[in-house]
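Following: one structure in structure tokens, then a few remarks.
When a ligand or atom number is given, it counts from 1 through the structure's own listing order.
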Amino acid sequence: MKKTVLYPIAATILASLSSCSVDQDTAPTIELSAEKISSRLATFGDQPLESLMASTEAMEVGQLLFGSNCASCHQADGTGRMGVPDLTDQHWLFEGTAESIEQTIRTGRIGLMPEFGSVIGEVELGLLVSYVEYLGETGAEMSTGEQSGKVLYDLHCVDCHAADGTGIANLGPNLTDDYWQWGGNMIQIRQSITVGRNAQCPAHGGLLSDAEVQLLTAYTLGLSS
Ligand code: HEC
Ligand code: HEC
């Protein structure tokens, strides 16, 4: 058998594939020598994102970098899991632009939803949950319970989720669509409101070179296009 020298990140991918929940089928293992990776990084570093996204060779290195830095949370195929956003769809907590993605990679992100369990009583919580569910129903008539829920929503939630529930970029996600970072059934919505939610994307600025950040930005952008 021909001996391949694995770059450390490739070795990490192999280790994580064998040990945890990362889906092997969706992420074919790429083996590249350290030499090949560094020579590719040197040529790709200063290229615009569009040409990186169009280059199979660049995206192979991007996939390796994603596998070793991001897949432990976002999954190898980028579809995420409970609490970790799907990067392959068009729903963005922050913006889906290259600038926003690069900023996420460099400095990380913190999503902080305060807990209301100690502020709001059980009955009010129920009313709020039904109003949040109502937000996703287009054109439906509001029940009395939902109307009371709206009063509470206008008091406690509009600053971050907007008056119509469609969210405010960087402050609070859209509550009217069918995408739920923390699950969209009654119990999960109630849980989000009662205990709050706190999700973090760690900063990678100090861990990756500029060329690696550029490649990962291109690769992540490509996941949703
Ligand atoms: C420790 C787990 C973890 C790791 C590792 C991680 N992320 Fe994240 N990422 C998250 C979580 C959780 C969020 C959501 C943060 C929030 O809710 O504010 C997130 C958010 C994001 C977003 C914003 C998505 C949106 O909807 O706006 C992008 C883009 C992203 N991550 C890319 C990456 C990339 C690229 C890497 C690898 C360099 C990475 N993440 C590594 C957990 C992680
Ligand atoms: C200070 C801003 C802020 C306020 C006020 C706030 N939220 Fe949130 N909310 C957030 C953020 C940020 C998230 C996403 C947390 C994360 O990234 O993990 C969130 C998440 C949620 C979720 C989960 C969404 C999902 O996709 O799973 C629900 C439901 C929710 N909020 C409802 C409410 C309700 C109802 C109120 C009022 C009682 C409220 N929020 C008040 C910022 C806020």
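Tally of protein N, O or S atoms closer to atom 8 (Fe) of ligand 1 than 2.8 Å: 2.
Of the listed options Gln181, Glu115, Arg197, Gln181 places a heavy atom closest to atom 17 (O) of ligand 2. Nearest to atom 11 (C) of ligand 2 by heavy-atom distance, out of Gly83, Pro173, Gly184, is Pro173. Nearest-heavy-atom check against atom 43 (C) of ligand 2 across Gly172, Ser192, Cys157, Cys160 picks out Cys160.
Taking CG of Leu216 as the start and CD1 of Ile105 as the end, the distance is 5.0 Å to the nearest 0.5 Å. Here the straight-line distance linking atom CD of Glu99 with atom CZ of Phe94 works out to 16.0 Å at 0.5 Å rounding. Atoms OG and CG, from Ser224 and Asp86 in turn, are 9.5 Å apart once rounded to the nearest 0.5 Å.
Scanning the protein for heavy atoms near atom 27 (O) of ligand 1, the closest one is Phe94 N, 2.9 Å. Counting only heavy atoms of the protein, atom 18 (O) of ligand 1 lies nearest to Gly111 N, 3.0 Å. Distance from atom 15 (C) of ligand 1 to its nearest protein heavy atom, with residue and atom name: Ala199 O, 3.8 Å. In this structure, atom 42 (C) of ligand 1 lies nearest to the protein heavy atom Gln200 O, 3.4 Å. In terms of protein heavy atoms, atom 5 (C) of ligand 1 is closest to Asn69 O, 3.4 Å.
Ser68 places a side-chain N or O within donor-acceptor distance of the main-chain N or O of Leu64, the cut-off being under 3.5 Å. Of the possible polar contacts, none joining the His161 side chain to the Ile168 backbone as a donor-acceptor pair under 3.5 Å is found. Under the 3.5 Å distance criterion, the side-chain polar atoms of Thr217 are matched with a main-chain donor or acceptor of Val213. Here the side chain of Glu95 pairs no donor or acceptor atom with the backbone of Ser100 at under 3.5 angstrom.
Under 4.0 Å is where a charged nitrogen must lie from a carboxylate oxygen, and between Glu146 and Lys150 no such pair does. Taking the charged nitrogens against the carboxylate oxygens, Lys36 and Glu60 have no contact shorter than 4.0 Å, which rules out a salt bridge.
Counted within 6.0 Å of CE on Met142, heavy atoms from surrounding residues, nucleotides or ligands total more than 12; the atom is thus considered enclosed.
Side-chain polar atoms of Glu115 and Ser118 form a donor-acceptor pair below 3.5 angstrom.
Within the 4.0 Å heavy-atom criterion, neither part of Asp159 lies near ligand 2. For Leu93, heavy-atom contacts with ligand 1 shorter than 4.0 Å involve the backbone as well as the side chain. Only the side chain of Phe116 comes within contact range of ligand 2, with a heavy atom under 4.0 Å; no backbone atom does. Only the backbone of Leu112 comes within 4.0 Å of ligand 2, counting heavy atoms alone; no side-chain atom from C-beta on gets that close.
At a cut-off of 2.8 Å, His161 is counted among the residues with an N, O or S atom near atom 8 (Fe) of ligand 2.
At under 3.5 Å, not a single nitrogen or oxygen of Trp180, backbone or side chain, sits near a nitrogen or oxygen of ligand 2.
Under the 4.5 Å side-chain heavy-atom criterion for ILVMFWY residues, a single connected hydrophobic cluster contains both Ile189 and Met186. Following chains of ILVMFWY side-chain contacts shorter than 4.5 Å, one can reach Leu175 starting from Val158, so the two form part of one hydrophobic cluster.
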